[in-house]
**Q** 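Following this message is one structure expressed as structure tokens.
The analysis underlying the following values was restricted to heavy atoms, covering all of them including side chains, and did not include hydrogens, waters or symmetry mates. Keep in mind the model is a prediction, meaning the values are calculated, not measured.
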Amino acid sequence: MAIEKISEIVLGDMLLVFEQETDFKRVGFYMIPADMKEQDVSNQKFYRVNTFAQLKLAGDTYPNCYGHGQTMRNSESGNLFEYESQTDEEEGCVRTITTVMKDKRGYELRNVITYYKGESSFEMKNIFINQGADSVKLEMLSSFELANITPFIEKDAPDCLLVHRLRSKWSHEGRLVTESVEDLQLEPSWSNWAVGVERFGARGSMPVMKYFPFVAVEDTQNAVLWGAQLAHEASWQMEIYRQDDGLHISGGLADREFGHWMKEISAGESFETPKAILSVCRGDVDEICHRLVSAGEKYVEQGPECEQELPIIFNEYCTTWGCPSHENISGIVDAIKDKGFDYFVIDCGWFKEDGVPWDISMGDYNVSPTLFPEGLDKTVEMIKNAGMKPGIWFEIDNVGSAAKAFQNTDHLLKRDGAPLTTYSRRFWNMQDDWVKDYLGKKVIGTLNQYGFEYMKMDYNDTIGIGCDGAESLGEALRQNMEASVEFVRRVKEEVPGIVLENCASGGHKLEPLMMSICSMASFSDAHETEEIPIIAANLHRAILPRQSQIWAVIRKTDTTKRIGYSIANTFLGRMCLSGDVTDLSEEQWDTIERGIAFYREIAPIIKNGKSHRRGPKITSDRHPKGWQALVRNGENGETLVVLHTFNGELPEYIEVDLEGRASEVISTYSHDDKADFAVKGGKLVYRTTENMCAAAARLK
């Protein structure tokens with residue numbers, strides 16, 4: 001089959017190639033590092049151009065080649081679209097490339113690429129426009145399609161392609177899983193006929209469940225990686241697809257088969273997908289992740305001014321365990337004032353009634369007269385007088401089974417006509433005007449009434465496949481979660497300067513959309529476990545470290561070694577403390593305060609830098625053995641190394657490759673202030689002492 005180029009466009013160090021088959025006029029798209037153009041051997045491969053806006057319309061023929069039921073890619077719908085035009089426009093620092101494809105039945109597809117100058121990734125989305133006479137139903141519409149992996153190796157590149165994904169479950173977020181295309185059975189068949197598909201994703205209102213919305217494919221022979229993230233708060237999917245010599249990845253909304261999604265588009269109307277973030281580079285998986293995650297920096301830089309120095313948080317949850325009161329907060333504030341904390345967060349339970357657990361009573365949000373007999377005014381004033389910004393917890397979208405609001409079923413989501421109920425929660429209909437008004441008074445009204453400057457937004461259950469209210473369960477879910485995001489934006493408008501923490505049972509909403517409108521996020525609910533540094537290091541591949549709030553829960557029974565381990569965990573992101581701070585010894589406080597001082601030193605590196613994980617693979621998060629080091633090279637010319645030893649046999653010396661970026665240790669942190677670090681031959685050498693120990697070094 002003949003393939004001809006439509007255009008070649010350079011964005012930063014990336015070359016985008018648009019092409020079409022001469023017979024079918026389908027538009028395809030692939031990209032390579034710009035300086036590798038001469039190594040592109042696509043003309044020596046057999047691959048079919050796949051429409052780079054994958055879609056399926058109800059009534060059209062489903063895909064062949066044994067694809068039906070595995071995928072909705074390459075159906076008749078996509079194959080009927082032909083290339084129409086392409087524009088390339090610049091306005092300020094933003095470049096927009098729009099490619100138009102048309103179906104003779106009156107349908108139009110617009111693929112929109114947005115590139116912010118100076119970045120190492122770009123955004124992509126698709127827009128479907130119905131210019132026909134009748135309404136039509138979408139069963140699938142991708143946000144992106146990336147083809148022709150790898151164009152640097154002839155034929156099907158056996159034993160050269162790896163697929164990287166980030167798996168996730170509660171308190172085990174971000175585990176990197178790497179598999180070969182052969183193990184995924186994504187080799188082409190002998191006839192280049194039958195398709196191979198790996199379709200994965202998340203269903204429901206917790207988009208980081210099972211997997212992060214991320215995929216990368218690595219050409220190990222040429223050390224080139226292609227990567228993608230999705231920015232979406234509801235059900236999503238990614239697909240890795242193979243029929244011939246070219247591997248494809250695509251993704252977007254979870255389709256009808258995977259996510260119970262259909263969308264009716266009336267004549268004259270259009271529908272726009274969530275955006276994807278794409279990049280290609282030479283390097284390793286940490287490099288491609290850095291490029292994708294860095295796309296969020298422009299949004300965080302626009303956040304509250306008070307966030308720019310990475311302030312330190314105290315959250316009382318692991319101190320009071322969901323039972324905060326004016327009395328116990330008074331004791332905590334007395335213990336921590338003048339210790340260097342910037343925010344004090346009143347967590348869940350401030351609203352609960354006597355004898356009713358906090359986790360089934362959210363939704364009414366009346367200040368507990370037992371816990372706060374004089375209201376919250378005095379408590380907030382006390383926090384401010386101690387030099388800290390007050391924060392408060394809400395679980396905005398969800399309603400607990402013990403709350404009066406639980407019975408307000410006219411305004412709660414339904415499925416099959418009945419209130420959508422999980423074990424202890426129901427869910428507000430976030431599109432309902434009554435709900436918008438109610439939450440405006442309860443949430444925004446509380447923030448403004450008491451002068452809160454920080455809100456922790458929790459989310460502790462999932463809607464699942466969807467709800468009533470639209471043409472499909474999945475579409476009703478999408479609309480509800482879109483309205484949920486809009487409420488968060490409303491909070492930012494009506495409470496100027498508010499610092500927002502994104503929490504969903506820890507890390508179940510760590511995706512680019514939510515991260516773009518929040519200052520930071522709870523990294524996990526792993527508050528006191530040994531695996532905290534493993535999870536925290538994992539998340540450097542998924543979110544900006546400056547947004548990753550990591551807890552150090554200090555107990556009065558902790559040894560200084562254990563305290564040092566906990567404090568060092570927070571150097572992998574944003575420092576947040578909790579625990580028995582009213583009962584600590586002077587020696588314990590000394591270990592904490594030295595850690596706070598070190599965190600202040602390294603904050604610029606955490607804020608702006610590039611991360612690489614070093615060390616052997618940790619096979620068990622819960623029972624870790626070996627060691628790990630996280631190397632972060634700051635834009636200020638300094639380097640941070642955070643090193644943890646775990647259980648099992650350790651080498652006498654651990655060597656961490658610095659790649660020639662540092663040669664001198666400036667300062668260190670450890671529980672006993674005696675970390676044995678030295679730089680030798682371009683490596684940081686650390687003399688091990690004990691299992692389950694931590695140390696950190698700042699270098700230049």
**Q** Just do the ring-ring contact (aromatic ring centres under 6.0 Å, His included) check on Tyr459 and His508 with the steps written out, would you?
**A** CA-CA 9 Å; Tyr459 194 96; His508 289 308; 9.9 Å; no

**Q** Going by the angle between their ring planes, with limits at 30° and 60°, are Trp428 and Tyr438 parallel, tilted or perpendicular?
**A** tilted

**Q** Between Ser524 (side chain only) and Gly506 (backbone N and O only), is there a donor and an acceptor less than 3.5 Å apart?
**A** no

**Q** Is a donor on one side and an acceptor on the other found under 3.5 Å between the side chain of Gln547 and the backbone of Met515?
**A** yes

**Q** Answer yes or no for Arg541 and Phe214: cation-pi contact, defined as NZ/CZ to six-membered ring centre under 6.0 Å and angle to ring axis within 45°.
**A** no

**Q** Salt-bridged, Arg489 to Glu486, with N to O below 4.0 Å?
**A** yes

**Q** Just one of Asn408, Asn429, Leu439, Asp410 clears the side-chain contact (heavy atoms from CB on, under 4.5 Å) bar with Trp434, so which one?
**A** Asn408

**Q** Is the backbone N or O of His671 less than 3.5 Å from a side-chain atom of Arg594, with the two atoms forming a donor-acceptor pair by type?
**A** yes

**Q** Has the side chain of Thr645 got a donor or acceptor atom that lies under 3.5 Å from a matching backbone atom of Cys693?
**A** yes

**Q** What residues form a salt bridge (Lys or Arg N to Asp or Glu O under 4.0 Å) with Asp347, not counting sequence neighbours?
**A** Lys456

**Q** So, does Asp364 use its side chain to make a donor-acceptor pair with the main chain of Ala405 at under 3.5 Å?
**A** yes

**Q** Using the six-membered ring wherever Trp is involved, compare the ring planes of His527 and Trp551 and label them parallel, tilted or perpendicular (cut-offs 30° and 60°).
**A** tilted

**Q** Do NZ/NE/NH1/NH2 and the carboxylate oxygens of Arg167 and Glu173 come within less than 4.0 Å?
**A** no

**Q** Ignoring hydrogens and geometry, is there a side-chain-to-backbone donor-acceptor pair from Asn480 to Phe427 under 3.5 Å?
**A** no

**Q** Does Glu307 come within less than 4.0 Å of Lys607, counting only side-chain N to carboxylate O?
**A** no

**Q** Should the pair Arg490-Glu494 be classified as a salt bridge under the 4.0 Å nitrogen-to-oxygen rule?
**A** yes

**Q** For the ring pair Tyr454 and Trp393, is the centre-to-centre distance below 6.0 Å?
**A** no

**Q** Over 60° means perpendicular and under 30° means parallel, so classify the ring planes of Phe598 and Phe571, tilted if in between.
**A** tilted

**Q** Is His232 close to Pro213 at the side-chain level, that is, under 4.5 Å between some pair of heavy atoms?
**A** no

**Q** With no hydrogens and no angle check, just 3.5 Å: does a side-chain donor-acceptor pair link Ser522 and Glu501?
**A** yes

